[in-house]
There are 4 protein chains.
Amino acid sequence: MPTSPTPNSTRRSERSRVAILTATRELIGDLGYAKLTIEAIAARAGVGKQTIYRWWPSKGAVVFDSLLVLSERPDGGGIELPDTGDLEHDLRTVLRATAAEFSDPAFEAPIRALNTEIINDPDLAAVYREKMESPMREAKRRRLRSAQAAGQLPADTDLDLFIDLLYAPLTQRWLLRSGPLDAPFADALVTAALRAFRP
Amino acid sequence: MPTSPTPNSTRRSERSRVAILTATRELIGDLGYAKLTIEAIAARAGVGKQTIYRWWPSKGAVVFDSLLVLSERPDGGGIELPDTGDLEHDLRTVLRATAAEFSDPAFEAPIRALNTEIINDPDLAAVYREKMESPMREAKRRRLRSAQAAGQLPADTDLDLFIDLLYAPLTQRWLLRSGPLDAPFADALVTAALRAFRP
Amino acid sequence: MPTSPTPNSTRRSERSRVAILTATRELIGDLGYAKLTIEAIAARAGVGKQTIYRWWPSKGAVVFDSLLVLSERPDGGGIELPDTGDLEHDLRTVLRATAAEFSDPAFEAPIRALNTEIINDPDLAAVYREKMESPMREAKRRRLRSAQAAGQLPADTDLDLFIDLLYAPLTQRWLLRSGPLDAPFADALVTAALRAFRP
Amino acid sequence: MPTSPTPNSTRRSERSRVAILTATRELIGDLGYAKLTIEAIAARAGVGKQTIYRWWPSKGAVVFDSLLVLSERPDGGGIELPDTGDLEHDLRTVLRATAAEFSDPAFEAPIRALNTEIINDPDLAAVYREKMESPMREAKRRRLRSAQAAGQLPADTDLDLFIDLLYAPLTQRWLLRSGPLDAPFADALVTAALRAFRP
DNA sequence: CGGTAACCGAGACGGTACGTCAAGTCTTCAA
DNA sequence: TTGAAGACTTGACGTACCGTCTCGGTTACCG
């Protein structure tokens, strides 16, 4: 496993680990991904470069770990999508929120940085899927299964395809900046996805 | 416009321009994007570094221009999607071909390089949309309009949304390597997109 | 002959020649010798680089020619040392004047530049001796021969040695900045040189 | 002080320092001063360029330090001029030796390089006077004082002027290549200097 | 007196070296 | 014995100039 967000040695300094991850997140926000350097991270964290190289195999792994906390629930519990009983309404809420998050400058730089690393590093992509994508996708599946139980979605629906149809166009548009990430677009996606799987 | 694929001065050496673009394409294939350097491009092209810096504002712009030719038809004509009269059949053909292209090692490295640049450089993203995305999307729209005329797609279909639904999940899966790009996946996307817009 | 201060072709542009020499002199004064570049000369003179390379073989040659005018009499006549009939008095006058000239900021940079070139370029050194040193030394010899005729200097005096004794310590001190170039030093040199050759 | 021939930090690599100085000396001999580059020094010394820039402020300072060792006695003792009791004889010996040294190709290039730097860099000139000129001049003064004690030179002789009279013409002639550096010239200088200060 | 050849300003070209930055490795020293 | 500090080699960066080479546009001569 290329990243080690938790100490794998009792000797490891927790203080340094946190300082490095924090410094990395701050620097990505300040400079963007392209200008991020290991030296700057070490300097800002008040840490020797060797301490970074000792615990992470690549810059990408540091960046990844530093952003992992963004997706972690402080309470340790799993992520949960809203479930009012009305699938279409809930999906609109969630998709609009996702669109808004992409537009938030505080998330913009880090997520672009993360994508840059993942696109070019298959190992990191695997870790990403395991640590960040999977939990989120499982939460989405849970909500859709609940809808199936409620008879709002056919029982034989390919849930992963449904999720892809819903989210991929949104992510795509954000990555390539090919159009506005607004509520009408989010709503249109929800409508289209639901229509694609109606009986 | 940040890139200038054609000489903007009578003094510009066409020989050098072509050599630079060719060398860039070859090096991306050999080394991947991350290890591509301006010095290596200049050396391989038999050109002074200054000649690159004189005509392109950034490494990304050179990479972009070098890949632009991949999307250009040698005959100068526009791109055209197949039109046998059967929309579903044609879309399957096209989507399967797109999936196959993504799996082709010759395209893999360059297109990942291009995406890396585009994600982090809004200017380049704009040029990308204008020079590469737009012509392709227009060709897709033409095929869909033809289907509308043939009564295979409702006249009020939001063609751009249709295209997003069809292609975004494919691109997403390829970028993040989150699953196989095979014929069943392509077919499922076609089916889902068509069902989303059936009357 | 490595330098050609006068046009050797009727086609040569006198305007350009003068502009180049003037620009060179100005730039040496502004930047010092080390930062002087052919490109800057060409730019300041409003001249193509090729026009410089066409007429001078090296940067040193341009510098040399540009400084040659400093030693030329505007009236075209030769240099002449004062001759009041009192050798010691005249030598003091001349040596003090030489010391003052060395201290003049307007001469400082150019003459250092000239020396730098001459030290490292034997060809230039030869031209320097012919064009600048010889006429000056001949004028000094003339004054000393006049003194011999007046019985103020033995007839068998080695005039070149006398001149070296007089001027070399002055030049040395200026070049290496090893001491003040003041009147007492000049006077001491005159006294010593005269004593060295008194009967 | 612009040069630091001895490590000013315990962290400094003595191996690198010596390699740089040695490479510089060798390259000056091979290429001459004008073609000496920092890159070539670093390459020949097997050292990163940064290591040079870290410890020396300019190319001149490296050149200077590399030549400093030429004037250092390995035994740590000071320089001493011969003292047979016969001043004229000793001065002839020393001046002829100096002339011969100037003619030695192994000294030619480095000393010209040194002079080039010193002429154009007042700071370097100051260090030169302190580290190289002064010890040598003091040795000369000692020999002359010994002659004064022996009654071969008046007690009120201006020793520095005497030294200038003796050496400046020699150095001048060598720098400008204005004449042969042979024994007759050396002898003539000795004779003249002694005559200038005889009672 | 009209062609033409040399010279001109301009500036692109293939290069070399600059001085800086950062990468990843290695060494020293204090806690 | 870890970890901070930071020197080390390496190598790419983007810039400045080098000296050469066109490119059109004068300019002066020669046929």
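Predicted, not measured: the structure shown is a model, and the values here were computed from it. Per chain, numbering begins at 1; letters A, B, ... match sequence-line order.
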K.L.:
Just the rounded figure in Å: distance from P of dG14(E) to CZ of R12(B).
P.N.:
11 Å
K.L.:
Answer yes or no on whether R12(D) is positioned over the face of W56(D), meaning its NZ or CZ is under 6.0 Å from the six-membered ring centre and within 45° of the axis.
P.N.:
yes
K.L.:
To the nearest Å, how far apart are R54(B) CZ and dC17(F) P?
P.N.:
15 Å
K.L.:
Taking salt bridge (Lys or Arg N to Asp or Glu O under 4.0 Å) as the test, write out the residues that go with R54(B), two or more places apart.
P.N.:
none
K.L.:
R17(D) CZ to dC8(F) P: how many Å, rounded?
P.N.:
12 Å
K.L.:
In whole Å, what is the span from the CD1 atom of I52(A) to the C1' atom of dG6(F)?
P.N.:
14 Å
K.L.:
Evaluate R25(D) against V69(D) for side chain to side chain contact (heavy atoms under 4.5 Å, CB included), listing each step before the verdict.
P.N.:
CA-CA 10 Å; R25(D) 235 174 304 119; V69(D) 305; 3.6 Å; yes
K.L.:
Which pairs pass side-chain hydrogen bond (donor to acceptor under 3.5 Å, both in side chains) with one or both residues in residues 35-47 of chain C, sequence neighbours excluded?
P.N.:
E26(C)-R44(C), D30(C)-R44(C), E39(C)-K49(C)
K.L.:
Find which nucleotide of DNA chain E each of L36(D) and G48(C) is nearest to by heavy atoms, and output the residue with the more 5' nucleotide.
P.N.:
G48(C)
K.L.:
If you round to the nearest 0.5 Å, how far is OG of S16(D) from CG of L21(D)?
P.N.:
11.5 Å
K.L.:
Measure the distance from CD1 on I41(D) to C1' on dG19(E) and round it to the nearest whole Å.
P.N.:
14 Å
K.L.:
With respect to the phosphate group of dC7(E), does any side-chain polar atom (N or O) of S16(C) fall under 4.0 Å of OP1 or OP2?
P.N.:
no
K.L.:
Under the rule for side-chain contact (heavy atoms from CB on, under 4.5 Å), what residues qualify as partners of A19(D), not counting sequence neighbours?
P.N.:
A45(D)
K.L.:
Measuring to OP1 and OP2 of dA6(E), would you say a side-chain N or O of W55(C) lies under 4.0 angstrom away?
P.N.:
no
K.L.:
What's the NZ-P distance between K35(A) and dA23(E), to the nearest Å?
P.N.:
15 Å
K.L.:
Counting N and O atoms only, with roles assigned by atom type, does the side chain of K131(B) sit under 3.5 Å from a partner on the main chain of D65(B), one being a donor and the other an acceptor?
P.N.:
no
K.L.:
Taking DNA chain F as the partner, which of residues 23-33 of chain A come within under 4.0 angstrom of it by heavy atom?
P.N.:
none
K.L.:
To the nearest 10 degrees, what angle separates the axes at the start and end of the helix from dC1(E)-dG31(F) to dA31(E)-dT1(F), five pairs each?
P.N.:
10°
K.L.:
Of all the heavy-atom pairs spanning T24(D) and S66(D), show the shortest one and how long it is.
P.N.:
CG2-OG, 3.5 Å
K.L.:
Is T51(D) touching bases, backbone alone, or none of the nucleic acid, heavy atoms closer than 4.0 Å?
P.N.:
base
K.L.:
Please tell me if the side chains of I38(A) and Y53(A) come closer than 4.5 Å, counting only heavy atoms from C-beta onward.
P.N.:
yes
K.L.:
Check R177(A) against I118(B) and note the closest heavy-atom contact, atom names and distance.
P.N.:
NH2-O, 4.0 Å
K.L.:
Taking 4.0 angstrom as the limit, do R112(C) and E117(D) come out as a salt bridge?
P.N.:
no
K.L.:
Reading nucleotides 24-31 of chain E from the 5' end, what letters show protein touch, with B for base, S for backbone sugar-phosphate only, - for no heavy atom under 4.0 Å?
P.N.:
BBBB----
